[in-house]
Amino acid sequence: MDTPRGYNPIGQSAPGLPRHDAQIPGHVPGSQFPNIGGGDASPPSQTGLNPAYAGPGLPDWCTKPIARVLFFFWLYLTAPIEAALYPIAGAAGLACGGLFYLIARAMGGGYDTTHGWAWAGCFIGVVALMRTDIRVQAENPAYRRLRGWLRLGLSFAFMLLFTVSDQDTSFGKALIVAAVFTGMVFLVLRSKYLRFVWHALQHISWMRPPAEPLTTS
């Protein structure tokens, strides 16, 4: 019998052989990703992701108090730095911090007590006039430009004094540390993403007027 070379009578006639071109079981035609998450069998989105995973976000009554606590906690930890970044609020923080320092000294407080009271007073002063500082810079372009230079100068002076107060640090090393710190402050202030987040926290915490856009410096 004349049969073609390579012909396999068993393989050619055996039923039930696997088809390599068949669809995968459970695969939805036209969907790049099958529903393997165990959630709702929602129709696939145009991105190919299963929308069943996209749950609702946290409500405002939960997120806003958390954001306010984080904002004021960070503001307290960095009160002297915020005083340098917001000169009008910083002047109030300096006056209030000095007043609290004198009160603590009059009550016989030690080094830790007097400086702790001064730190708390600085925080209170900055919080009291931060909204005013932001409103003035929005209404007065000259103050906005002046505040940009004041921020760098006051940040340099703050870090220089802070570093020099350490008895083991020389003045030359303190200058280098202050210069590096001021450069970092400049980069942070120029970051659009960080400014947007910070301004959003200020909005939530009543420190930035609602009419003030989030993208200003």
Side-chain angles (χ1 to χ4, degrees), residues 57 60-103 115-165 174-217:
D60 288 346
W61 63 264
C62 179
T63 57
K64 287 186 176 181
I66 295 176
R68 288 164 186 158
V69 169
L70 292 176
F71 172 78
F72 287 109
F73 179 70
W74 175 257
L75 200 64
Y76 178 80
L77 291 179
T78 61
I81 299 177
E82 303 302 333
L85 297 179
Y86 297 90
I88 295 177
L94 180 63
C96 193
L99 178 63
F100 275 47
Y101 177 83
L102 294 177
I103 293 175
H115 284 73
W117 277 52
W119 194 287
C122 180
F123 166 75
I124 293 174
V126 169
V127 171
L129 288 187
M130 177 176 283
R131 186 182 177 92
T132 301
D133 191 296
I134 295 173
R135 186 180 69 251
V136 171
Q137 69 86 26
E139 298 174 352
N140 192 342
Y143 175 69
R144 185 186 301 117
R145 293 189 295 269
L146 176 63
R147 192 179 71 170
W149 290 105
L150 285 176
R151 282 178 165 182
L152 299 180
L154 293 175
S155 297
F156 181 86
F158 163 75
M159 183 53 63
L160 181 64
L161 294 175
F162 181 80
T163 309
V164 168
S165 63
L175 285 175
I176 297 176
V177 172
V180 173
F181 175 77
T182 304
M184 294 174 61
V185 170
F186 175 77
L187 293 178
V188 169
L189 294 176
R190 296 294 296 176
S191 174
K192 294 182 179 180
Y193 177 76
L194 292 178
R195 278 190 297 168
F196 181 84
V197 173
W198 180 247
H199 291 178
L201 290 175
Q202 288 178 328
H203 269 291
I204 295 174
S205 303
W206 312 290
M207 291 293 103
R208 182 170 290 271
E212 175 69 10
L214 295 178
T215 56
T216 57
S217 60

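Quick caveat, the model's predicted, so the values are computed rather than measured.
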### Message
A side-chain contact here means heavy atoms from C-beta on lying under 4.5 Å apart; do V136 and R147 qualify?
### Response
no
### Minimum heavy-atom distance M207-I134, with the two atoms named
O-CD1, 3.3 Å
Listed pairs under 3.5 Å, donor-acceptor, residues 67-81 side chains, sequence neighbours left out:
residue	atom	partner	partner atom	Å
R68	NE	I204	O	2.8
R68	NH2	I204	O	3.4
T78	OG1	W74	O	2.8
T78	OG1	E82	OE2	3.1

## Note on the structure
Nearest heavy-atom contact between L85 and S155 is CD2-OG, 4.0 Å
### Evaluation steps, side-chain contact (heavy atoms from CB on, under 4.5 Å), between M159 and V185
CA-CA 11 Å; M159 183 53 63; V185 170; over 6 Å; no
### Message
Quick check: closest heavy atoms across A179 and F156, and the distance to 0.1 Å?
### Response
N-CE1, 3.7 Å
## Note on the structure
Separation between CD1 (I124) and CH2 (W119), nearest 0.5 Å, reads 14.0 Å
### Task
May I ask you to check if R151 and Y86 form a cation-pi contact, with NZ or CZ under 6.0 angstrom from the six-membered ring centre and within 45° of the axis?
yes
### Query
Can you list the steps and then say if Y143 with D133 is a side-chain contact (heavy atoms from CB on, under 4.5 Å)?
CA-CA 10 Å; Y143 175 69; D133 191 296; 2.8 Å; yes
### Task
Looking only at non-hydrogen atoms, find the nearest pair between Q137 and R144 and report the distance.
O-NH2, 3.0 Å
### Message
Which heavy atom of L194 sits nearest to which heavy atom of V188, and what is that distance?
### Response
CD1-CG1, 4.1 Å
### Query
With sequence neighbours left out, which residue pairs that include part of residues 183-193 fulfil the side-chain hydrogen bond (donor to acceptor under 3.5 Å, both in side chains) condition?
none
### Minimal non-hydrogen separation, A92 against G125, with atom names
CB-O, 3.6 Å
